[in-house]
Amino acid sequence: MRHPQVLIYERDGALARRLRPLCQEPARAWSMREPRQMAECVELLQASGPALLVIKLGRDLVDELGLLERVGWLYPDVATVVVGDVEDTVLADVAWDLGAAHVLTPPEPREQVTELVSSLMAAAMARIVGSDDARGRMKHQEPARSKPHHA
Amino acid sequence: MADQAPRVHRWQAFLQRATEPVFLLNRQRRLLFVNEAWEKLTSIPAAQARGLLCGRRRGEAPDRWAELAQLLSPPEEVLQGQAGQVRRRGPLTETGRSLWDIEFFSLHDDGGLLGILGKIRVLSANDVPGGTRLPEALLDLHAKANRRYRPETLASSLPALRRVLDQVRLASGTCSPLLIVGEPGTGKRWVARVIHATGPAPGTFATVDCAGLPPTVLARILSQPDGLLHRASMGTVYLKEPAHLPRELQAFLVDWLDETREKEHRPRLVAGCSGEPALAVKAGRLVEELSCALSPMTIHLLPLRERLTDLPDFVERLLERLHENTDRHIAGLTPAAWETLRAYSWPGNLHELYAVLVDAARHATSERIDRGDLPAPVRLAVTLEQTPSGPPSRSLPLDALLAKVEKRLIELALSKTSGNKSRAAELLAIWRPRLLRRMDALGVATGDRPPTTLDEAVEIQEILEELPPAHTGED
């Protein structure tokens, strides 16, 4: 199996900083790349195993959503999360329509991207490796939940 | 001499009757003809427009004519002889700028391109919500992407799939919930998109990966007031594997479907299931009421192994998709490669077929994919499948074989990382604890170097070569 990777397509590196600890967890073997051009991103996906793409909107909508469309067409197994800083339902609708796995904009908290990416990574591994092994990892990696209180 | 009225040809009289704005360009892309509907749309008399060179110009100061010329310029594929369609912003009028969908049809004679016929459809605000403020290039990209989902892509000679096409046409005429059942990779989402694209409900198509998204996100996008189901712009919400939804969300969807049944507009729910819903209900994963609520109409898709007559069409379409991402042109497959594809069982269906073609194209050394370019697991599976049953001349100790391969790979990884087990684990895409356990089980000591001979690789190859030849005749 080729190496799984998370690709972050953004200008300022903020999402990469937030997600890097997730990829560096010992339980995972995902690398992180930060391509700066659409062509570079598509090339990285060509050589990749399971992959996940996170696109930050804002620099150039046509380029960013063009990448979403291109990846969805050429690599339908790659889940793409689109993250925006501004609540814009029209733009979000276009992103959903172009095949985003999720569109994260306000009022959804930005912190949710970590949980999203973690869950999608596990799902990608489950598809490749087989359900038992990956679901075991999902259980291991889910955040601890408080036990329900019984009256 | 009295002025004579310009001669009106029959074809011009014919096109004048069209209610859609129509225009004709000659092979030099100059406007030859526009009809009355076009004149009314643009407020430009035909006599003034005739002769305008329609092409994209750079560096010119934008004026009314330059803008019109760019608007009517045919895209590259049309100049190459294909049909094409674009979405562009119309000229500024008193009411603002509307969006135009322009279809181009190229006409040919023996000398090549004869002319280009164009037809304009003016879009309403409902057709493209927010269209007035999104970049034109983005609107065009969006429109192009959606045009892929045509019913013709579902055509098949198999009766079972002709029935699917009939069901798709029926489903396109309603807004009822819909269930699509088929093995992973059979194209359930594609069918859902075709139904959405040809259906009466305009709006957005959103895919919800019920197995991939965390429960908190699923709850937000499905049950919250600002979620997808409450958005006026939402046309279709596609639930991928709804049996993975938490039970409370499944119950919510049952209630929502019931409460909104009479509502004039609600997003259409389409669910894609890779297994029979009845089995999921029996296993307790899918709420029975939801299964019933989603299945007023159920479409069953055949696995690829049961529709091998369609394989050439799929390969052709997937190679076209592949060509968008590479300069290499793959013309097709050799007979030996075709034989292998037809003999393979395709557990991953169309997704697997695409991945196989992508991999094979990367390895192909000529313009045709040969059997040797196909991934080894596919070739091996076909070889094993075609092996007639009977006592093998030599036993195939699978566990021993796998252990040898695994040991070899671990030794190579350690050699590559100079004995660094963490990096070796990363290279092998496994956990470090698992690597340590396997090293222990297989007797790989730290610092082992791979053998200097290829004894183990040769032994594996010998075992494979001793397999009896493939059975080629009919029984």
Side-chain angles (χ1 to χ4, degrees), chain A residues 1-4 26-31 42-43 45-47 49-50 60-63 65-66 68-70 72-77 79 87-104 107-108 112 115-116 118-127 129 137 142-143, chain B residues 128-131 133-142 144-146 148 184-185 189-190 193 196 203-209 211-217 220-221 226 228 231-235 237 244 321-322 324-326 350-351 354-355 358 362 422 425-433:
Chain A
M1 184 181 73
R2 292 208 196 109
H3 209 76
R28 301 179 200 268
W30 287 63
S31 60
V42 172
E43 203 178 312
L45 286 171
Q46 220 172 13
D60 179 345
L61 286 180
V62 176
D63 175 73
L65 293 176
L68 168 64
E69 189 275 329
R70 194 151 177 78
W73 180 239
L74 295 175
Y75 304 104
D77 283 340
E87 186 179 4
D88 185 333
T89 50
V90 170
L91 207 52
D93 282 347
V94 173
W96 280 111
D97 217 33
L98 289 174
H102 189 69
V103 182
L104 184 67
E108 277 186 280
Q112 201 155 57
E115 191 188 1
L116 253 172
S118 173
S119 183
L120 288 169
M121 282 159 105
M125 294 306 289
R127 276 195 297 273
V129 173
R137 289 190 211 176
E142 274 171 5
Chain B
V128 190
R133 59 178 186 80
L134 293 176
E136 184 181 281
L138 181 56
L139 294 169
D140 193 35
L141 167 84
H142 189 196
K144 271 197 173 70
N146 282 337
R148 290 198 178 111
R189 185 167 51 177
W190 184 276
R193 289 221 70 144
H196 172 79
T204 303
F205 183 100
T207 300
V208 178
D209 183 355
L213 296 177
T216 47
V217 170
R220 187 177 188 95
I221 61 179
D226 57 351
L228 297 176
R231 218 180 265 192
S233 56
M234 197 54 56
V237 174
H244 286 270
R321 190 191 296 201
L322 205 149
E324 292 182 32
N325 195 29
T326 174
L350 293 169
H351 277 201
Y354 181 56
V358 167
R362 201 179 297 133
S422 296
E426 201 180 309
L427 199 64
L428 294 167
I430 59 174
W431 299 14
R432 191 174 184 277

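Since we're looking at a predicted model, the values are computed, not measured. Below, read A as the first sequence line, B as the second, and so on, with proteins coming before strands; counting in each chain starts at 1.
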Minimal heavy-atom distance between A:L74 and B:Y354, with the atoms involved, is O-OH, 2.8 Å
A:E115 vs B:L213 side-chain heavy atoms within contact, under 4.5 Å: no
Under 4.5 Å to a heavy atom of chain A? For B:D140 that would be neither
Heavy-atom distance under 4.5 Å between the side chains of A:P107 and B:D226, does that happen here? yes
Honestly, the part of B:L228 sitting under 4.5 Å from a heavy atom of chain A is side chain
Cut-off 4.5 Å, heavy atoms of chain B, and the answer for A:D77 is side chain
Ranking A:D88, A:L91, A:V42 by heavy-atom pairs under 4.5 Å to chain B gives rank one to A:D88
Closest non-hydrogen contact found for A:P4 with B:A429 is CD-CB, 4.2 Å
Whatever's closer than 4.5 Å to a heavy atom in chain B on A:E43 counts as neither
CG of A:L98 to CG of B:L141, rounded to nearest 0.5 Å, is 6.0 Å
Under 4.5 Å to a heavy atom of chain A? For B:P135 that would be side chain
Tested for side-chain contact (heavy atoms from CB on, under 4.5 Å) against A:H102, the lone hit among B:D209, B:T207, B:V217, B:V208 is B:V217
In this structure, CG of A:L104 is separated from CZ of B:R220 (nearest 0.5 Å) by 9.0 Å
The reported gap from NZ in B:K144 to CH2 in A:W73 (rounded to nearest 0.5 angstrom) is 14.0 Å
If one checks every heavy atom of A:A95 against chain B at 4.5 Å, the contacting part turns out to be neither
d(A:D97 CG, B:R193 CZ) to nearest 0.5 Å is 5.0 Å
Of B:L322, B:V358, B:L138, the largest count of non-hydrogen pairs under 4.5 angstrom with chain A goes to B:L138
What one should report as the nearest heavy-atom pair of A:A123 and B:G212 is CB-CA, 3.6 Å
In terms of heavy-atom contacts, A:S119 and B:P214 come closest through OG-N, 3.4 Å
